[in-house]
K.L.:
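Handing you a structure now.
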Amino acid sequence: MITLNIYCDEFNFSPLADAFLGEFKSNAPLALEIIFCEEEEIKELNAQNRNINAVTDVLSFPTLDGIKGEEIKAENFPFDIDENGNLFIGSIAICVQRAKQQAEEYGHSYNRELHYLAAHGICHLLGYDHMQDDEKAEMRALEEKVLAKINITRF
C-alpha cells in the first residue's frame with residue numbers, strides 16, 4: 001500500500017497524511033518532514049531561499065521536480081530514497097507565531113491553521129503552485145478537499 005509519511009516531532013499530522021492518499025500516484029511510499037520554527041528562523045530561511053527579508057507563515061522545499069499530476073516513480077529518483085525506503089519529497093517549515101496570529105486573525109483554531117499550512121506545504125511538495133490564478137484555484141481546491149476529508153473547516 002502506498003503511504004505518505006510525515007516526519008514531525010512536534011505534532012501528529014497522520015490524519016492529514018492519510019487524507020492526501022488518492023490525491024497523487026506513486027509506486028513507492030512518500031515521506032516529508034515538517035519542522036516548526038520561530039519568526040527569526042523563518043525570516044532567515046525566507047531571505048536565503050527567496051530573497052525576501054520578511055517573516056512568513058510557511059516555506060516549502062521540494063526535492064522532486066516535474067511531478068505534479070504524474071505518477072511519482074521511485075526509479076526516477078533513486079537518490080531521494082530515505083533510510084526507511086520512502087521516496088523523500090521535501091521539507092516544510094512552519095512559523096509557530098505566524099500560525100497563531102493567523103488563526104486569531106481568521107477566526108479559526110490554531111489546529112485548523114497548522115493543518116492548513118501543512119496541507120499548503122504538501123501541495124507545493126507535490127508540484128502545485130499559486131502564481132497564476134488558475135494554478136491558485138487548483139491548489140486551493142486540493143487544500144480544501146484534503147482538509148474536508150478530516151473535518152477541518154474554516155470555522
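Side chains included, hydrogens not; waters and symmetry mates left out as well; all remaining heavy atoms used.
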K.L.:
Give me the atom names and distance for the closest heavy-atom approach of Glu23 to Ala19.
P.N.:
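Residues Glu23 and Ala19, closest heavy atoms: CG-O, 4.0 Å.
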
K.L.:
Between Glu39 and Lys43, is any pair of side-chain heavy atoms under 4.5 Å apart?
P.N.:
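Not in contact.
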
K.L.:
Which pair of heavy atoms, one from Ala119 and one from Leu16, lies closest together, and at what distance?
P.N.:
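Scanning both residues completely, I find the closest heavy atoms to be N-CD2, 3.8 Å.
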
K.L.:
With His130 as reference, evaluate His124, Glu138, Lys136 under the side-chain hydrogen bond (donor to acceptor under 3.5 Å, both in side chains) test and give the passing residue.
P.N.:
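Going through the options one by one, the only one that passes is His124.
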
K.L.:
Which atom names give the shortest non-hydrogen contact between Leu114 and Ala99, and what distance separates them?
P.N.:
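So the two residues come closest at CD2-CB, 4.1 Å.
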
K.L.:
Under a 4.0 Å threshold between the charged nitrogen and the carboxylate oxygen, would Glu144 count as salt-bridged to Arg112?
P.N.:
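Salt bridge flag = yes for Glu144 with Arg112.
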
K.L.:
Determine whether the side chains of Ser109 and Asn111 contain a donor N or O and an acceptor N or O closer than 3.5 Å.
P.N.:
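Their side chains do not contain a donor-acceptor pair, so the 3.5 Å distance test is not met.
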
K.L.:
Testing the 3.5 Å rule here: is there a donor-acceptor pair between the side chains of Glu113 and Tyr106?
P.N.:
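Judged by distance alone, the side chains do not pair up.
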
K.L.:
Determine whether the side chains of Glu44 and Gln48 contain a donor N or O and an acceptor N or O closer than 3.5 Å.
P.N.:
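Yes, Gln48 and Glu44 have a side-chain donor paired with an acceptor closer than 3.5 Å.
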
K.L.:
Roughly how far, to the nearest 0.5 Å, is the CD1 atom of Ile94 from the CD atom of Glu10?
P.N.:
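CD1 of Ile94 is found 9.5 Å from CD of Glu10.
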
K.L.:
Checking side-chain polar atoms at under 3.5 Å, does Asn86 have a donor or acceptor matched by the opposite partner on Tyr7?
P.N.:
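Note: Asn86 and Tyr7 side chains meet the donor-acceptor criterion.
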
K.L.:
Indicate, with yes or no, if Leu59 and Ile35 share a hydrophobic cluster defined by side-chain heavy-atom contacts under 4.5 Å among Ile, Leu, Val, Met, Phe, Trp and Tyr.
P.N.:
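Looking at the clustering, Leu59 is in a separate group from Ile35.
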
K.L.:
Any luck finding a side-chain donor-acceptor pair between Asp57 and Gln102 under 3.5 Å?
P.N.:
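Yes, a side-chain donor-acceptor pair sits under 3.5 Å.
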
K.L.:
What I'd like to find out is whether the side chain of Cys123 reaches to under 4.5 Å of the side chain of Phe20, using heavy atoms alone.
P.N.:
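Counting from C-beta outward, Cys123 and Phe20 do come under 4.5 Å.
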
K.L.:
Closest approach of Ala74 and Ile81, non-hydrogen atoms and distance?
P.N.:
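Between these two residues, the closest heavy atoms are CB-CD1, 4.0 Å.
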
